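Shown next, in structure tokens, is the structure this report addresses.
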Amino acid sequence: MILDDFKLDGKVAVVTGANTGLGQGMCVALAQAGAKVAGVARRSCDETKALIEENNGEFLEVIADLGTTEHIDRIIKEVKDKYGRVDILVNNAGIILREDAVDVSEENWGKVIDINLNVVFFLSQAFAKEFEKQQSGGKIINVASMLSYQGGIRVPSYTASKSAILGLTRALANEWAAKSINVNAIAPGYMATNNTNQLRKDADRSEAILDRIPAGRWGTPEDMKGAVVFLASKASDYVNGFTIAVDGGWLAR
Ligand code: NAP
């Protein structure tokens, strides 16, 4: 039956940036669908763990700074030591730095590109190798943005990284689809999380954004749940290289 295709029983999902915001919402969704979830974060994921365990789900915390690729092998080892395998990777961790383009230092440019793009690529590569070893196929879900499609204002490194995510999602899907590895992305619209604190505190920008969202509200971590479970599940086995917008209609305007 079709609803069974959305179930993730027996699957192991790894979500980066699991301690808060959209990552936390996606961890809870994947656990509710039946997956064992490993959350990667640079700080405690106690809140995420509690939300999952109150529904009898399983959660493993893996502490790692994702500003560098150096922890990738350890992340996979810790997950495999606990759960024996990996099936789903959600590349969610990301940062945004708001600065005029003329003021962006090479250091700040690199910080954003490292976590939002470089670590996403090398984590995906490491997971694809695991999927091949397991001969299991797998699901990779990247987190893109409205700035995968648009230029944005005062966030050039973020726009560059998220535009690259859309292209990388297609490129990896082309190489790996025949190995039953689905690579897709979710492009959230304007969501109420730490990422948009500054925007939401700016009354003029906040009002202008809200006015432009057909759904008439900011998105929430709960809004990510349907798309992430779909892309993590058998229900999306013939969906490759596509970025799904969860944006309250922003791109439709
Ligand atoms: P958030 O609350 O700021 O979450 C970002 C997550 O990434 C946090 O868990 C954060 O950990 C983690 N992270 C950042 N740097 C890290 C590092 N060096 N090592 C490990 N973890 C690190 O914002 P969010 O909105 O949930 O963002 C999640 C994803 O959605 C990001 O890729 C973001 O670009 C994307 N996105 C968000 C929106 C939006 O409107 N909110 C729209 C489009 C796309 P800490 O808590 O420790 O900082």
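Nothing fancy with the numbering, it's 1 onward along the sequence. As the structure is a prediction and not an experimental result, all values here were calculated from the model. Just follow the structure's listing: the first ligand is 1, and inside any ligand the first atom is 1.
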(message) Looking at Arg74 and Glu78, is there a salt bridge between them, counting it only when a charged N and a carboxylate O are closer than 4.0 Å?
(response) yes

(request) May I ask you to say whether Arg85 pairs ionically with Glu130, meaning some side-chain N is under 4.0 Å from a carboxylate O? (result) no

(request) Please determine, by modelled atom types, if Asn19 and Ser44 share a side-chain donor-acceptor pair under 3.5 angstrom. (result) no

(request) Have a look at Asn142 and tell me which of Thr169, Asn184, Asn116, Thr243 forms a side-chain hydrogen bond (donor to acceptor under 3.5 Å, both in side chains) with it. (result) Thr169

(message) For ligand 1, give me the residues whose heavy-atom distance to it is below 4.0 Å, by chain and number please.
(response) Gly17, Asn19, Thr20, Gly21, Leu22, Arg42, Arg43, Ala64, Asp65, Leu66, Gly67, Asn92, Ala93, Gly94, Ile95, Ile115, Val143, Ala144, Ser145, Tyr158, Lys162, Pro188, Gly189, Tyr190, Met191, Thr193, Asn194, Asn195, Thr196

(request) Test Asp73 against Lys77 for salt bridge (charged side-chain N to carboxylate O under 4.0 Å, His left out), laying out the working first. (result) CA-CA 6 Å; Asp73 290 347; Lys77 183 176 182 314; over 6 Å; no

Just distance, no hydrogens or angles: give the donor-acceptor pairs under 3.5 Å from side chains in residues 152-159, sequence neighbours left out.
from   : atom 1 : to     : atom 2 : distance (Å)
Arg154 : NE     : Asp100 : OD1    : 2.6
Thr159 : OG1    : Gly151 : O      : 2.8
Thr159 : OG1    : Val155 : O      : 3.1

